[in-house]
Amino acid sequence: MAQRTVIPFGPQHPVLPEPIQLKLTLKDEIVEEALPHIGYVHRGVEKAAERMDYTQNVFLVERICGICSFIHALCYCQGLERLMGLEVPRRAAYLRVIWSELHRLQSHHLWLGLYADAFGFESLFMEFWRSREMLMDIFEKTAGSRVIISACCIGGVRRDISDQHLQETLETLKMLEAAFDKSSEVMLNDYTVKKRTVGKGILPADKAILLGAAGPVLRASGVEQDARQTGFAAYDELRVEPVVETAGDCYARAKVRIRECRQSLDLVRRAIAGLPDTDIAVRPKGRPNGRTISRVEQPRGELLYFLAANGTQKLDRLRVRTPTFANVAPLVHMLPGCEVADVPVIVLSIDPCISCTER
Amino acid sequence: MMLSSVIRNLFSKPATRPFPVAVRTAPDGYRGAVEFEEDVCIYCGACATRCPANAICVDRVAKSLDFDPFKCVQCGACAEACKKGCVQLQIDYQHPVAAHSTVTFNGALKPPEAP
Ligand code: SF4
Ligand code: SF4
């Protein structure tokens with residue numbers, strides 16, 4: 001007779017970069033139910049944001065997530081700019097796109113590596129992470145730091161990228177692309193990799209919409225939705241077509257991210273080619289007042305900030321909805337029916353960023 | 001498919017550096033450790049107001065500045081705020097030390113300049 005067992009997966013688990021616990025109810029080797037528990041890395045960022053000055057908050061929100069720090073700052077600044085009626089100079093908008101797309105590339109490289117590690121492909125993990133170093137070097141050179149780049153400010157960006165650095169960036173991207181071609185080829189076509197990913201953790205399109213999935217998870221299920229279509233920063237001129245796959249399994253999610261990497265490479269090149277020659281920031285005047293919602297596309301999906309300001313130095317409320325939070329419900333739906341050995345791969349396939357989720 | 005990478009990796013140098021032997025210097029414009037030029041400071045407190053980490057404490061009356069490098073997140077907001085150019089971010093990172101210490105300097109305690 002089949003025995004039911006409850007196994008705690010996490011919060012500490014070799015494949016999990018960050019702590020989340022899933023209580024897995026197993027019937028023999030098959031998962032019957034998964035119950036997520038979060039709350040291990042809550043830092044109270046939203047509350048801290050109410051206590052700090054609205055300009056200081058730019059540095060605070062960046063620290064919500066280390067992997068897409070720039071995009072958090074962008075989302076926050078964009079909301080405040082709307083409240084204060086600031087028009088960002090075009091060059092700043094383009095630089096924002098360049099740094100955002102480099103962050104997306106960097107984040108997807110990190111994920112592809114971790115994902116390879118989840119099914120035990122250690123050398124592929126190393127290949128992706130070695131390439132990722134090139135991107136970190138670009139950040140260090142252009143923005144002054146590797147991870148928390150602090151390049152965004154209210155009204156524009158804090159520093160310009162010189163022509164020489166732009167050229168160097170293009171050359172680095174050429175090398176990165178050559179390395180990426182090789183590694184992504186393995187990720188997509190290797191027999192063993194496909195054995196572990198094709199048909200695992202399927203999320204049909206109707207369920208993805210119903211459960212509110214976001215980002216690559218949503219697009220891998222065949223739903224065409226990308227917040228970059230709203231045309232924030234310079235995406236109104238650099239049009240972006242959402243990358244869509246239809247299978248909805250782990251393989252499709254990896255494929256979406258790999259194709260997005262190519263898209264980002266293309267976007268960075270187009271943004272550098274069309275970089276206008278204007279100022280890089282306008283000085284914010286006055287204090288923000290009113291309420292607004294700001295949306296941007298993070299590597300993991302759509303990021304949403306709600307800002308309530310009252311005309312003083314401090315905000316009334318800052319609410320952050322991160323894409324991983326949206327993707328936990330779809331994850332819980334994907335797990336039942338899979339084998340326990342596939343759980344790490346499926347969990348990683350949503351690209352969980354728990355620090356983001358808990359803030 | 002990985003075979004070409006494996007062969008290439010066998011005959012190439014490691015991607016990492018042997019750290020204490022080969023030290024990498026950060027590029028220009030890197031945001032490293034914060035340093036103050038004591039003589040230039042007018043104790044206006046602009047840096048302290050902008051610092052998101054509350055790492056700087058300025059007493060305008062007593063003319064003293066207290067900086068806690070352990071709270072500092074190397075964002076560079078103080079350097080942007082300082083009109084006197086007396087805060088600078090070094091290219092070098094903040095080195096580890098054995099004990100917690102702060103940097104304090106006090107303009108009032110300086111000996112008056114000779115007339
Ligand atoms: S802003 Fe500059 S001059 Fe003013 S207190 Fe700070 S370091 Fe001194
Ligand atoms: S670099 Fe940032 S955190 Fe450090 S003292 Fe200056 S303002 Fe404060």
Problem - Considering all heavy atoms, the nearest Arg130(A)-Arg8(B) contact - result: NH2-NH1, 4.0 Å

Handout entry: Tyr30(B) to Gly144(A) - nearest heavy-atom pair and separation
Key = CD1-O, 3.2 Å

Under 6.0 Å from the [atom1] atom of [X], do we count more than 12 heavy atoms belonging to anything else shown?
X	atom1	value
Arg43(A)	CZ	yes
Asp28(B)	CG	no
Arg60(B)	CZ	no

Side chain, backbone, both or neither: which part of [X] has an atom under 4.5 Å from a heavy atom of chain B?
X	answer
Ala143(A)	backbone
Thr142(A)	neither
Glu133(A)	neither
Ile149(A)	backbone
Phe121(A)	side chain

Handout entry: Heavy-atom check, side chain of Gln74(B) versus side chain of Ile148(A), under 4.5 Å
Key = no

Fill in the blank from the handout: Ranked by heavy-atom pairs below 4.5 Å to chain A, first place among Asn54(B), Thr16(B), Ile91(B), Val73(B) goes to Val73(B)

Handout entry: Backbone of Ala53(B) reached by a side-chain donor or acceptor of Gln56(A) within 3.5 Å
Key = no

Practice task
Give a yes or no answer on whether the side chain of Arg159(A) reaches the backbone of Gly29(B) with a donor-acceptor pair at less than 3.5 Å.
Solution key: yes

Practice task
First locate atom CG of Asp137(A), then atom CZ of Arg24(B), and finally report the distance between them rounded to the nearest 0.5 Å.
Solution key: 5.0 Å

Exercise for the section: Enter the distance from Cys75(B):SG to Arg63(A):CZ here, rounded to the nearest 0.5 Å. Expected result: 7.0 Å

Problem - Residues Glu140(A), Arg31(B): salt bridge by 4.0 Å N-O rule - result: no

